[in-house]
Amino acid sequence: MKKRILQFGAGFGFSVLWASASTATKIGLQAAQPFMICITRFFLAAILMLGITHGLLGNRLPRGVEWKQLAIYGLLNISIYLGLYVIAMQHVSPGLGSLSVATSPVLINLFSSLVFRQPLKGAVLLSLLLCSAGVVLAAWPLLQNSSATPGGLLTLVVSMLAYSGGVLYFSRKPWNDLPMLTINGWQTLLGGLFLLPFVAFTYRASQNSWNAASIGSVLWLAIPVSVIAVQLWLYLLKDDAAKASFWLFLCPVFGFVIAALVMHEPIGVYTITGMGLVIGGLYIVQRNKNS
């Protein structure tokens, strides 16, 4: 009973925290440039994680080829994915950002079939069709009132493809006895370092106002999202990967609810129907994976 309560608390906490990232990003963008939000978030999260894993826990440093793997993983999972994601959030609503992130299991399955030349199952195609239709349907009224743009949606898609590539790369490489906290800390730091040239090139002092909103946004993205949510997700995966994946279904729901409460984003028939299609697509691909 105690374990079930712990699992439920971890799953619920992960879903809420992970879904809150898009709203927190949108708030931060009102006072700071995208790349400034990125690097401050990444460096703060990386310092915390590396301080814990090496300073408090005494875990070893990466060595040899592990540095190359961490650099590539950080490039895909941090620099490209989250770098493009925060740019996209300038042009889409926070609820739509959460909905796109929820489609990642479907894109990972599609990516895996294409990259490793595995047979593309009908269930994956059906789930991709449902998820795509759901995102478009949820985005339709937002496109009409300029709360989203086609360019923003396209940037979201490219960012999710980079994330899918990062997941597949991570799963195919040996990480020996490196703890997940060590891997997450170093890939976050390296991914942030790769973004520094873009920060230097695009930085405009007049576009950055470090007030309560922007500082709160960075702190929330760095600690509850980048550190706590990721560790909760790793705990859920280690305990039961199949059950863990079902918590992803709640992310778009919580994403729209948080956006409605904090940003006053409207939830209408298009939103609910689109969310239902995405959840249906996720369920189909997850059921196919489990079978």
Side-chain angles (χ1 to χ4, degrees), residues 18 21 25 34-54 57 59-89 100-101 103-118 154-202 221-222 225-227 229-231 233-234 237-238 241 244-245 248 289:
W18 201 245
T25 300
F35 289 136
M36 286 302 297
I37 293 175
C38 282
I39 62 165
T40 49
R41 167 194 179 180
F42 298 153
F43 288 163
L44 177 57
I47 290 170
L48 286 173
M49 289 186 282
L50 294 176
I52 293 172
T53 190
H54 296 309
L57 302 180
N59 293 319
R60 70 170 179 86
L61 288 168
R63 51 177 176 255
V65 73
E66 292 170 349
W67 286 112
K68 177 183 177 181
Q69 293 177 188
L70 287 167
I72 295 175
Y73 184 42
L75 178 65
L76 293 170
N77 195 52
I78 298 295
S79 307
I80 301 178
Y81 161 49
L82 290 176
L84 290 177
Y85 180 81
V86 74
I87 291 174
M89 289 307 300
S100 68
V101 172
T103 64
S104 58
V106 180
L107 292 176
I108 290 169
N109 274 270
L110 178 65
F111 215 121
S112 179
S113 298
L114 296 176
V115 171
F116 301 112
R117 299 181 180 179
Q118 299 171 348
L154 180 60
T155 306
L156 270 181
V157 171
V158 176
S159 73
M160 294 312 304
L161 289 175
Y163 172 76
S164 302
V167 169
L168 292 178
Y169 180 84
F170 175 82
S171 65
R172 294 278 172 161
K173 293 297 179 180
W175 296 96
N176 305 316
D177 59 339
L178 270 184
M180 288 305 306
L181 192 61
T182 302
I183 295 172
N184 195 23
W186 281 108
Q187 65 108 7
T188 301
L189 179 62
L190 292 171
L193 288 174
F194 293 146
L195 285 176
L196 282 179
F198 298 95
V199 176
F201 182 74
T202 61
L221 290 168
V225 177
S226 292
V227 179
V230 170
Q231 293 307 121
W233 177 244
L234 294 175
L237 284 176
K238 185 177 179 180
S245 298
L248 291 171
K289 179 182 177 181

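Quick caveat, the model's predicted, so the values are computed rather than measured.
Considering only heavy atoms from C-beta on, Phe35 comes within 4.5 Å of Ile87 through its side chain. Counting heavy atoms from C-beta on, the side chains of Pro34 and Met89 never come closer than 4.5 Å. Residues Leu195 and Phe42 form a side-chain contact, since some pair of their non-hydrogen atoms from C-beta on lies under 4.5 Å apart. At least one side-chain heavy atom of Leu221 sits less than 4.5 Å from a side-chain heavy atom of Thr25. Looking at heavy atoms from C-beta onward, Val230 lies in side-chain contact with Trp18 at the 4.5 angstrom threshold. For the pair Val86 and Leu82, the minimum side-chain heavy-atom distance is 4.5 Å or more. In this structure the side chain of Thr155 never reaches within 4.5 angstrom of the side chain of Val158, judged on heavy atoms. Counting heavy atoms from C-beta on, the side chains of Leu178 and Arg60 come closer than 4.5 Å.
Listed for the Gln69 side chain is a donor-acceptor partner under 3.5 Å among the backbone atoms of Pro174. Formation of a donor-acceptor pair under 3.5 Å by the Ser79 side chain with backbone atoms of Gly191 is found in this model.
The salt bridge (Lys or Arg N to Asp or Glu O under 4.0 Å) pairs that include a residue from residues 183-199 number zero, where partners must be two or more places apart or lie in different chains. A salt bridge (Lys or Arg N to Asp or Glu O under 4.0 Å) check over residues 37-50, counting only residues at least two apart or in different chains, returns nothing.
More than 12 heavy-atom neighbours from other residues, nucleotides or ligands sit within 6.0 angstrom of CZ on Phe43.
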### Task
Verify side-chain contact (heavy atoms from CB on, under 4.5 Å) between Met180 and Trp233, making sure each step is shown before the conclusion.
CA-CA 11 Å; Met180 288 305 306; Trp233 177 244; over 6 Å; no
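Distance check: Asn184 CG to Leu189 CG gives 11.5 Å after rounding to the nearest 0.5 Å. Here the straight-line distance linking atom CH2 of Trp175 with atom CD of Glu66 works out to 8.0 Å at 0.5 Å rounding. Rounded to the nearest 0.5 angstrom, Ile72 CD1 and Lys173 NZ are separated by 7.0 Å. Between atom CG of residue Asn77 and atom OG1 of residue Thr188 there is a gap of 7.5 Å, rounded to the nearest 0.5 Å. The NZ atom of Lys68 sits 14.5 Å away from the CG atom of Leu190 when rounded to the nearest 0.5 Å. To the nearest 0.5 Å, atom CG of residue Leu76 and atom CG of residue Leu168 are 10.0 Å apart.
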Do any side-chain atoms of residues 45-53 form donor-acceptor pairs under 3.5 angstrom with protein atoms, and if so which ones, sequence neighbours left out?
| residue | atom | partner | partner atom | Å |
| --- | --- | --- | --- | --- |
| Thr53 | OG1 | Asn59 | ND2 | 2.8 |
| Thr53 | OG1 | Thr182 | OG1 | 2.6 |

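Taking each heavy atom of Ile78 and Gly192 in turn, the nearest pair found is CG2-N, 4.0 Å.
In this structure, Tyr73 has its ring center under 6.0 Å from that of Phe170.
The aromatic rings of Tyr81 and Tyr163 lie tilted to each other, with the angle between the two planes from 30° to 60°.
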